[in-house]
Amino acid sequence: MDGKTNEILEKYPKGSRESLIPILQDIQEVYGYLSEQAVVEVGRYLDLPSGKIYGLATFYNQFRFKPLGQYHICLCHGTSCHVTGAEDVRKELEKKLRISPGETTRDGQFSLELTACMGACHLSPVIKINGNYHTRVKPGEVRDIIDACIEERED
Amino acid sequence: MENRTHIPIKKDYLVDNVLLNESVDLPADVEKMMRLLRREKVRHPAVFVGTASSGMISGAGDTLEEIRRYLDERNIRADVVETGSTGYSSMEPVVEVQMPGKTRVAFRSVTAGKVSFVLDGIFNSIITEEHVLGQHRDGSLEVWKDVPFIDELPFFLLQQRNLLRNWGRISPLSIEEYIATGGYRSYVKTIRSYTHEEVCDIVEKSGLQGRGGGGFLTGKKWKVAQSAVADQRYLLCNADESDPGGYANRAMIESDPHRLLEGVMIAAYAIGTSRAFIYIRNDYRTAIERLEYAISQAREFGLLGHNVYSSGFNIEITVRKGPGAFVCGEETAMISSLEGKRGMPRPKPPYPAVSGLFGKPTVVNNVETLSNIPAIFEKGPDWFMSMGNESARGTKILVLSGRIVNQGIIEVPLGTPVKEIIFGAGEGIPDKKSFKAVQIGGPSGGFLTAENIDTPYDFSSLAGEGVYTGSGGMVVLDEGCCIIDTVKYFMDFIQKESCGKCIPCREGTRRMLEVYENITRRPVDANGHTTLERFKGVMQLESLAGVISDTSLCGLGQKAPNPVTSSLRHFRSDYEEHIFDRQCSAGVCKELRLFQIDVDKCTGCTVCAPKCPESAIIGTRHHPFFIVEEKCTGCGICYDVCKFSAIFVK
């Protein structure tokens with residue numbers, strides 16, 4: 001068993017259902033996703049079947065079951081971004097990366113996610129790559145942004 | 001995170017002289033100290049940078065770094081303060097400077113590159129018109145010449161900033177500065193001199209309604225929970241927001257977290273509980289950090305914990321991170337989520353105020369509702385009653401976005417006509433385009449058009465027009481936006497976020513989305529039959545909308561068809577255009593586009609023809625090509641590959 005999972009579990013009282021979400025959030029914070037092993041561990045600790053935990057985790061948008069890419073791309077999909085052309089940006093991203101939102105590329109370099117409003121409607125459409133924001137993104141710029149990431153990685 | 005006070009002031013001094021002082025006006029020497037804390041009177045220049053999320057995305061982080069570097073390089077002694085947002089998002093990053101003896105000046109769009117220019121200027125008492133936003137009003141300080149007052153700018157003119165009064169003014173990371181603006185005094189006074197019932201009475205008397213969209217009297221809700229017999233009660237603050245196009249609650253927490261905490265504390269006292277939760281969306285990292293920091297400061301000051309200031313009142317506030325589900329904004333769904341279950345709503349009654357979290361009486365209030373509480377106790381319920389109109393009291397925070405000149409967050413008295421908000425504070429539509437509609441209240445809301453834009457912004461007047469206020473989002477659409485596409489977007493959102501408990505909402509919204517996908521998709525073979533199918537879909541939309549709203553359990557489902565019914569009411573011609581003419585005059589619905597080749601520009605290079613997935617492009621080399629309209633699906637591939645811009649949308 002992984003020490004870190006244990007450490008997280010010990011912070012919460014044993015068998016308390018209401019701690020389930022905070023535990024899963026802490027695990028995802030450390031590992032970036034929920035592995036099958038971690039879910040089983042949590043189930044054992046809280047005395048819950050893993051099916052129940054998956055049932056809960058798949059309900060919420062936050063939880064992921066696959067590791068994130070090295071570059072995690074979040075595209076804001078709020079109303080303002082939509083009316084200023086986020087849909088075209090999304091299509092361009094999908095075309096360039098060959099993945100749909102919620103997926104990670106096979107080489108593990110990129111993952112794509114649609115997020116709720118990021119709170120920068122005046123700069124829409126907005127994408128966030130590992131904490132760096134790109135604002136007023138035009139579909140034509142998507143290629144350059146991704147290429148810049150690839151170049152940066154190769155350097 | 002460190003941003004404590006700039007003047008060495010002891011915690012005990014603030015507690016004894018300010019918090020525990022029951023007189024309305026503070027003694028002169030204490031007031032002088034408060035002015036220093038509020039940085040209205042400074043010995044050295046102070047530079048303020050708005051670092052809420054919207055500012056950071058605009059580049060405030062780099063600006064901040066550049067300012068620090070600038071001051072270090074030139075050995076200038078000045079305070080650098082991180083403040084919240086001013087609300088004026090389209091002017092961000094906003095930097096304000098307070099020079100000794102002069103009024104405070106705000107500068108707009110100060111990106112890192114402009115820092116040295118702006119600071120060079122102000123330190124030499126020169127203000128260039130190019131970057132200045134305006135100066136704040138302060139009777140005791142010298143005014144800058146030829147600089148407009150900030151409250152006279154159109155964006156601020158209409159506003160009545162009570163909840164936003166500290167925005168961009170004080171550091172959200174400093175409890176001392178919040179106390180210096182009069183903060184926490186109402187809380188201490190309340191727990192020391194009022195009974196639980198009296199607190200509920202005052203809030204009820206003020207006429208404060210829930211700001212989450214329900215419009216229920218807050219004081220009444222508290223009374224129900226307060227009078228219920230139980231060994232434990234709970235207070236939940238709904239900070240999950242997550243409305244597309246609404247970020248007011250997040251900005252409130254990032255800019256003035258102590259105001260919310262004070263509201264939570266007073267509300268907890270009113271219903272007689274010692275346990276309060278703030279349920280905030282996990283994505284709001286900055287807001288969570290600032291909120292947790294604010295809680296730790298409040299604990300340090302003895303405002304939280306056991307037997308607060310010998311009043312016998314115990315209070316503990318816990319931040320719980322919402323793992324991201326739109327439906328958790330519904331109170332019973334949020335309760336399920338806090339209990340560690342899927343966030344699914346349950347039937348009401350019993351209302352949460354009677355049986356909520358773990359079966360105990362629970363009050364669920366929105367961030368904005370609770371943030372209103374401190375001022376009601378500071379200035380009295382009559383003051384609160386004096387704002388707004390007959391049907392709704394107080395002010396409302398709105399988020400202006402979309403195709404509008406001034407974007408950002410504003411606070412206006414309830415009852416202000418929507419037209420004044422958009423064309424006054426928002427200064428209308430950019431690029432000389434014409435106004436088409438305003439979408440109010442996110443996915444549960446509806447549209448107002450040029451005809452009914454005079455409607456006052458309050459809960460009942462808007463409901464009369466079929467619009468629910470929701471989170472206060474206002475997305476302005478101009479002639480270049482397609483209503484059908486916008487509604488399709490909302491249905492896609494709702495359909496994904498439906499929790500799946502009620503079949504009409506789960507399946508109905510998906511069918512609605514399909515109808516919208518059908519009418520925005522161009523039929524491959526154009527015959528009369530498909531036209532009829534498309535028409536039929538719309539006929540069913542109306543009855544489906546009725547069924548979904550009648551048979552769904554929670555607010556999300558009941559209000560899910562609102563964008564549909566509202567758009568059908570006002571934009572019938574847009575529907576007809578999409579269905580019969582198969583055209584989208586705004587040019588947004590791509591598949592309805594018809595492409596044509598300009599014979600003068602086409603060189604017959606043959607690049608497009610092999611790329612066409614439908615083989616709709618025919619012709620011979622070196623002669624202009626031709627697109628067969630019946631075969632074309634409007635995919636736009638030819639348009640993208642043409643090097644001579646010979647292909648255009650008809």
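Scope of the values below: all heavy atoms of this structure, side chains included, with no hydrogens, waters or symmetry mates. The sequence lines fix the lettering, A, B, ..., with proteins before strands; numbering per chain opens at 1.
- Of all heavy-atom pairs between B:Pro244 and A:Cys117, the closest is CA-CB, 4.2 Å.
- Residue B:Val327 touches chain A through its side chain alone, counting heavy-atom pairs closer than 4.5 Å.
- Looking only at heavy-atom pairs under 4.5 Å with chain A, the residue among B:Gly343, B:Cys482, B:Gly473 that has the most is B:Gly343.
- In this structure, chain B has a heavy atom under 4.5 Å from the side chain of A:Thr135, while its backbone stays farther away.
- Neither the backbone nor the side chain of A:Asn132 comes within less than 4.5 Å of any heavy atom of chain B.
- Contact annotation for B:Glu92: only side-chain heavy atoms (C-beta onward) come within less than 4.5 Å of a heavy atom of chain A.
- A 4.5 Å side-chain heavy-atom check between B:Lys321 and A:Gln62 finds every atom pair outside the cut-off.
- Ring centers of A:His77 and B:Phe493: at least 6.0 Å apart, outside the cut-off.
- Residue contact with chain A, scored on non-hydrogen atoms closer than 4.5 Å, involves the backbone and the side chain of B:Asp485 alike.
- Smallest separation of non-hydrogen atoms from A:Tyr60 and B:Arg342: OH-C, 3.6 Å.
- A:Pro22 has its side chain within reach of B:Arg320: a pair of non-hydrogen atoms, C-beta onward, lies under 4.5 Å apart.
- No side-chain heavy atom of B:Lys341 sits less than 4.5 Å from a side-chain heavy atom of A:Phe59.
- With respect to chain B, the highest number of heavy-atom pairs below 4.5 Å among A:Cys121, A:Gly119, A:Ala116 belongs to A:Gly119.
- Across every non-hydrogen atom of A:Ala120 and B:Ile57, the tightest pair is CB-CD1, 3.6 Å.
- Looking only at side-chain heavy atoms (C-beta outward), B:Tyr247 and A:Met118 stay at 4.5 Å or farther from each other.
- B:Ser58 places a side-chain heavy atom less than 4.5 Å from the side chain of A:His122.
- With values rounded to the nearest 0.5 angstrom, B:Ser53 atom OG is found 6.0 Å from A:Tyr133 atom OH.
- A:Thr79 has its side chain out of reach of B:Ser401: every pair of non-hydrogen atoms, C-beta onward, lies at least 4.5 Å apart.
- With contacts defined as side-chain heavy-atom distances shorter than 4.5 Å, the pair B:Ser337/A:Ile21 qualifies.
- If you measure heavy-atom distances from B:Leu338 to chain A, the contacts under 4.5 Å come from the backbone alone.
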